[in-house]
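Below: the structure, in structure tokens.
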Number of protein chains: 2
Amino acid sequence: MEKRIRVPEPTIARLATYFRCLADLSDQEVGVVSSEEIAFRAGVKASQVRKDLSYFGEFGVQGLGYPVPRLLDRVASILQLDQQHRVALVGAGNLGTALAGFPGFARWNFHILWIFDSSPAKVGQEINKITVEPTSSLPRSLAADLGILAVPGPAAKDVAQLLVDSGVTALLNFTGAHLHLGSKVSVRNVDLTHELAILAYHARRPDPTPES
Amino acid sequence: MEKRIRVPEPTIARLATYFRCLADLSDQEVGVVSSEEIAFRAGVKASQVRKDLSYFGEFGVQGLGYPVPRLLDRVASILQLDQQHRVALVGAGNLGTALAGFPGFARWNFHILWIFDSSPAKVGQEINKITVEPTSSLPRSLAADLGILAVPGPAAKDVAQLLVDSGVTALLNFTGAHLHLGSKVSVRNVDLTHELAILAYHARRPDPTPES
DNA sequence: TAGATTGTTAATCGATTAACAATC
DNA sequence: TAGATTGTTAATCGATTAACAATC
């Protein structure tokens, strides 16, 4: 790799998949793995794997493959999974509460350290050892790098801005609202009704059988 | 539109966004809307909107725009949001319970009618008026078109197969596992740790300032 | 009619894939 | 060395965008 080329977003997403595969291989004490094997597990082409990795350096040994522990470390470092991430969660309804206890987060080094809700009934309660604070206490300096939005749709824009003003630079948005927060803030939207709608389009609709 | 051309997957995803915008416009009693306005609300280009719609027919009036009620109907029909969808949910943990009560679903015509869990402690409980049944009662004929997988990762593959054997043809998968279920079954993966990992990559990493 | 906006074609852009020289 | 697999280039593929004729 010579020039620092822009890394495609799909590459980043696949890197997370590779990370999971590599963690599995590492658990199984596999020492070396080929791009072919990673590709098979991740459901992509081998050349895709090599191309994706090549954006970040050369991690393999020709004729052999990739040393699992080393590659796992490197991928973790690229995704910054080798450092703790402090997460602020807004919305302590059913979804927010489920997210607060989501077992996968801790294993990937994500730690929800703040929970906010606007309902006085929720404020003061403990969820997963965290005391729920009033959303009205925002904005304030939070030392959080990530934020999760699990509030009702109409509140989304305001709460998102409160989080940004509190220093959060990346947001996971479950509200279905379209947020415009400027280019300094990354947003990933998880829209559950959208997902079901896409599935509804496909359900029972056999892929067009090419006739002729 | 003449030939039945393959519709790109991103187009389907955007259609769901347009649907939401159109529903908003309809609530506001707006009668006609331009591709420009839809595009602005959806965060895409106007030509993208027109291209996306053109895969399914001609819904606009030159010089004027699109009649909102008619277009809303048509988009709903394309996504099959004009008919009820029966959903089977497996996994009644925190996440599953939150999904069972997710307010957005009913509004989009998705109805969770079955909830399964493998834990005897959960079976027999009522969640949102639905009695939790044992996962071991699957497979059986379910009259569900969609399935939601909210079980722990290791159980994912088996439970997915049980749902498919029960007649489900589309699956929303929260387990993070990579499912291979053949081409007749659509799968959408929602992987929360992946999303956070992608955000972690971007957090505090200013977009590469071109330094020329 | 003049102005506006669609539907569609063609150009552009960017990502995926195949192919292969480098090399362990 | 012979066999294998990487890293990278070039070809392919598919989606986005711009442009504009059609037409309300």
Side-chain angles (χ1 to χ4, degrees), chain A residues 1-18 21-22 25 30-68 70-72 74-75 78 198 207-208 210, chain B residues 1-18 21-22 25 30-68 70-72 74-75 78 198 207-208 210:
Chain A
M1 188 186 66
E2 271 296 303
K3 311 262 173 83
R4 177 117 343 187
I5 296 277
R6 208 195 112 267
V7 180
E9 194 66 12
T11 290
I12 307 300
R14 282 190 298 267
L15 237 37
T17 308
Y18 304 156
C21 297
L22 290 164
L25 289 162
V30 174
V32 170
V33 68
S34 66
S35 58
E36 196 66 61
E37 172 71 16
I38 298 174
F40 174 75
R41 291 176 178 244
V44 303
K45 292 272 162 73
S47 51
Q48 180 82 269
V49 172
R50 296 200 297 277
K51 178 84 169 150
D52 285 339
L53 295 175
S54 77
Y55 288 107
F56 301 95
E58 311 189 354
F59 310 118
V61 183
Q62 274 107 328
L64 205 72
Y66 299 87
V68 172
R70 188 169 129 65
L71 185 57
L72 179 62
R74 292 298 288 114
V75 173
I78 291 163
I198 294 166
D207 272 335
Chain B
M1 187 186 68
E2 272 294 303
K3 309 262 174 85
R4 176 116 343 186
I5 296 276
R6 208 194 111 269
V7 179
E9 194 66 14
T11 291
I12 307 299
R14 283 190 297 267
L15 237 35
T17 308
Y18 304 156
C21 298
L22 290 164
L25 289 162
V30 175
V32 170
V33 68
S34 67
S35 56
E36 196 66 60
E37 172 69 18
I38 298 174
F40 174 75
R41 291 174 179 244
V44 303
K45 293 272 161 73
S47 51
Q48 179 82 269
V49 172
R50 298 200 296 277
K51 178 84 171 149
D52 285 341
L53 295 175
S54 77
Y55 286 108
F56 301 97
E58 310 189 356
F59 310 118
V61 182
Q62 273 108 329
L64 204 72
Y66 299 87
V68 172
R70 188 170 128 66
L71 185 58
L72 179 62
R74 293 296 289 116
V75 173
I78 291 163
I198 294 165
D207 273 335

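Just so it is clear, the structure is predicted and the values come from calculations on it, not from any experiment. Lettering follows sequence order; numbering is per chain, from 1.
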Drop me the distance from [X]'s [atom1] to [Y]'s [atom2], to the nearest 0.5 angstrom.
X        : Y        : atom1 : atom2 : result
Arg41(A) : Leu22(A) : CZ    : CG    : 9.0 Å
Arg50(B) : Tyr55(B) : CZ    : OH    : 13.5 Å
Leu15(B) : Arg74(B) : CG    : CZ    : 10.5 Å
Arg70(A) : Phe59(A) : CZ    : CZ    : 7.0 Å

### Task
Would you check if Glu9(B) and Ile198(A) make a side-chain contact, meaning some heavy-atom pair closer than 4.5 Å?
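Touching, per the 4.5 Å side-chain cut-off.
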### Query
Less than 4.5 Å apart, any side-chain heavy atom of Val44(A) and any of Tyr18(A)?
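They are in side-chain contact.
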### Message
OP1 or OP2 of dT5(C) versus the side-chain N and O atoms of Ser35(B): is any pair under 4.0 Å?
### Response
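Checking dT5(C) against Ser35(B), no side-chain N or O comes under 4.0 Å of OP1 or OP2.
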### Query
Closest nucleotide of DNA chain C for Gly60(B) versus for Leu64(A): which of these residues is on the 5' side?
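Residue closer to the 5' terminus by nearest nucleotide: Gly60(B).
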### Task
For Arg14(A), enumerate each residue passing the salt bridge (charged side-chain N to carboxylate O under 4.0 Å, His left out) test, keeping only those at least two apart in sequence or located in another chain.
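Arg14(A): salt bridge (charged side-chain N to carboxylate O under 4.0 Å, His left out) contacts with Asp52(A).
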Please give, in whole Å, the distance from [N] [atom2] to [X] [atom1]?
X        : N       : atom1 : atom2 : result
Glu37(B) : dT6(C)  : CD    : P     : 11 Å
Gln62(B) : dA4(C)  : CD    : C1'   : 10 Å
Glu58(B) : dT5(C)  : CD    : P     : 18 Å
Tyr66(A) : dC24(C) : OH    : P     : 14 Å
Phe56(A) : dG7(D)  : CZ    : P     : 14 Å

### Task
State whether the number of non-hydrogen atoms from other residues, nucleotides or ligands found under 6.0 Å of Glu36(B) atom CD is greater than 12.
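Atom CD in Glu36(B) is not crowded, with 12 or fewer foreign heavy atoms closer than 6.0 Å.
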### Task
Indicate for each nucleotide in nucleotides 12-20 of chain C, in 5' to 3' sequence, whether protein heavy atoms under 4.0 Å reach the base (B), only the sugar-phosphate (S), or nothing (-).
---SBBBB-
### Query
Hey, where does DNA chain C pair up into stems, meaning at least three consecutive Watson-Crick or G-U pairs with distances under 3.5 Å?
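Consecutive-pair runs (3 or more) involving DNA chain C: C:3-24 with D:3-24.
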